[in-house]
Amino acid sequence: IYTGSQIAVSPDTKHFAVDWLGVEVTRATLGIIGMGSIGYKVAQRARAFNMRILYHNRNRRRKEEEEAVGAHYCAEMEDLLQQSDFVMLVVNLTPETHKLIGKKELGLMKPTATLINISRGAVIDQDALVEALKNKVIRAAALDVTHPEPLPRDHPLLNLNNIIITPHIGTATVQAIRMMAEEAIANILAVLNDQPIPSEVF
């Protein structure tokens, strides 16, 4: 998308190349690491593209939840990495998930695979990602999160042509921000009124 937009608006563009091709999403394999509420919403949307959905999670989903989205559980993350065309990270940042994806994990992925991170930047070893993208260990990456945010302007990830980085805009819509504010207010009111907290964090 990023490169295509540059081609479309460039003053040097005289025609569009017919052999400039992307990768099909339909019927591709999507591996979701972290099948919580957000990961499950991703699976629901991926099903609409007839994607084969694999997931790795601390706890396996109920059978009926798996069947509803056609998801298959991978007890070992390595199995998911080896099979997926797109790997999406949807985990919380904890000591266990810090640099969850490093050189070893990137090396297990297909050379045609794309890594997508919508969780937190520190879930990926960014130095290892730079090397993997430079050496074509994986095809591409798409990051809505980095560590830190924003990256220093001389960071090597900013100079690669097989990555898309967006400024943590996964929830950046008027409607989403309003719903988040309303949810926060509902939690505050519940605490003040000694009622169960709707979105309690354990």
Side-chain angles (χ1 to χ4, degrees), residues 1-7 17 19-35 38-39 42-43 45-46 49 51-58 71-170:
I1 291 172
Y2 176 71
T3 308
S5 176
Q6 289 181 312
I7 293 169
D19 60 349
W20 192 73
L21 304 173
V23 175
E24 186 62 64
V25 171
T26 301
R27 288 182 291 279
T29 298
L30 170 65
I32 301 172
I33 299 176
M35 187 69 110
I38 296 172
V42 169
R45 287 154 176 75
F49 289 96
M51 297 188 85
R52 176 181 175 233
I53 302 167
L54 307 177
Y55 78 97
H56 173 72
N57 204 43
R58 283 176 301 180
H72 304 279
Y73 179 66
C74 293
E76 302 297 329
M77 188 174 70
E78 290 77 7
D79 294 336
L80 178 149
L81 293 171
Q82 290 172 330
Q83 297 180 60
S84 300
D85 299 303
F86 298 90
V87 174
M88 182 175 281
L89 303 172
V90 202
V91 296
N92 292 322
L93 178 59
T94 66
E96 292 74 33
T97 62
H98 183 259
K99 294 191 177 180
L100 179 70
I101 302 297
K103 182 175 182 177
K104 175 190 169 192
E105 291 74 24
L106 291 162
L108 289 171
M109 292 173 63
K110 297 179 181 180
T112 54
T114 298
L115 178 65
I116 303 164
N117 190 8
I118 62 168
S119 55
R120 289 293 182 268
V123 170
I124 297 176
D125 179 338
Q126 291 180 162
D127 292 336
L129 180 60
V130 168
E131 291 307 308
L133 291 170
K134 278 184 177 178
N135 298 322
K136 309 293 189 227
V137 174
I138 63 171
R139 179 180 178 273
L143 312 178
D144 188 41
V145 288
T146 59
H147 182 73
E149 292 177 351
L151 288 172
R153 297 297 86 186
D154 60 350
H155 196 284
L157 279 176
L158 301 179
N159 297 315
L160 299 174
N161 62 8
N162 54 346
I163 187 169
I164 293 175
I165 302 174
T166 50
H168 207 146
I169 56 172

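- A donor-acceptor pair is defined here as one N or O able to donate and one able to accept, closer than 3.5 Å; such a pair exists between the side chain of E105 and the backbone of G102.
- Note: T29 OG1 to F86 CZ = 10.0 Å, rounded to the nearest 0.5 Å.
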Q. Yes or no on side-chain contact (heavy atoms from CB on, under 4.5 Å) for L93 and V123, after CA distance, side-chain angles and deciding distance?
A. CA-CA 6 Å; L93 178 59; V123 170; 4.1 Å; yes
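- Rounded to the nearest 0.5 angstrom, L133 CG and I138 CD1 are separated by 5.0 Å.
- Listed here is the closest heavy atom pair of S84 and A113: O-CB, 3.7 Å.
- Exactly one residue among L115, L160, I101 makes a side chain to side chain contact (heavy atoms under 4.5 Å, CB included) with L129. That residue is L115.
- L30 places a side-chain heavy atom less than 4.5 Å from the side chain of M88.
- Crowding of L151 atom CG: a count of heavy atoms from other residues, nucleotides or ligands under 6.0 Å exceeding 12.
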Q. Under the side-chain contact (heavy atoms from CB on, under 4.5 Å) criterion, do L106 and K103 qualify, and how do the steps go?
A. CA-CA 5 Å; L106 291 162; K103 182 175 182 177; 5.7 Å; no
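- Ring geometry, Y73 versus H56: the interplanar angle falls under 30°, so the pair is classed parallel (tilted spans 30 to 60°).
- Proximity of a side-chain donor or acceptor of S5 to a complementary backbone N or O of Y2 within less than 3.5 Å is not detected.
- Here CG of L158 is found 5.0 Å from CD1 of I165. Values are rounded to the nearest 0.5 Å.
- Contact detail for A71 and Y55: the closest heavy-atom pair is CB-CD2, 3.8 Å.
- Environment of CD1 in I169: crowded, with over 12 heavy atoms of neighbouring residues, nucleotides or ligands closer than 6.0 Å.
- In terms of modelled atom types and a separation under 3.5 Å, the side chain of T97 and the main chain of N92 share a donor-acceptor contact.
- Taken to the nearest 0.5 Å, the CZ atom of R58 stands 14.0 Å off from the CE atom of M35.
- Within the model, atoms CG of L89 and CG of D144 stand 12.0 Å from one another, a figure rounded to the nearest 0.5 Å.
- The backbone N or O of R120 sits less than 3.5 Å from a side-chain atom of N117, completing a donor-acceptor pair.
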Q. Between N161 and T3, is a side-chain contact (heavy atoms from CB on, under 4.5 Å) present by the stated rule, with each step listed?
A. CA-CA 8 Å; N161 62 8; T3 308; 5.6 Å; no
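- The shortest non-hydrogen separation linking V87 to I33 is CG1-CD1, 3.8 Å.
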Q: May I have the step-by-step check of side-chain contact (heavy atoms from CB on, under 4.5 Å) for N162 and R139, ending in yes or no?
A: CA-CA 7 Å; N162 54 346; R139 179 180 178 273; over 6 Å; no
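- E149 places a side-chain N or O within donor-acceptor distance of the main-chain N or O of T146, the cut-off being under 3.5 Å.
- Residues M51 and V25 form a side-chain contact, since some pair of their non-hydrogen atoms from C-beta on lies under 4.5 Å apart.
- Rounding to the nearest 0.5 Å places CD of E78 at 6.5 Å from CG of L81.
- For H168, the NE2 atom is densely surrounded, since the number of other residues' heavy atoms within 6.0 Å is greater than 12.
- Here the side chain of K110 pairs a donor or acceptor atom with the backbone of Q83 at under 3.5 angstrom.
- Counting only distance, with no hydrogens or angles, the side chain of Q126 and the backbone of H147 share a donor-acceptor pair below 3.5 Å.
- Between the side chain of D79 and the backbone N or O of C74, no donor-acceptor pair lies under 3.5 Å.
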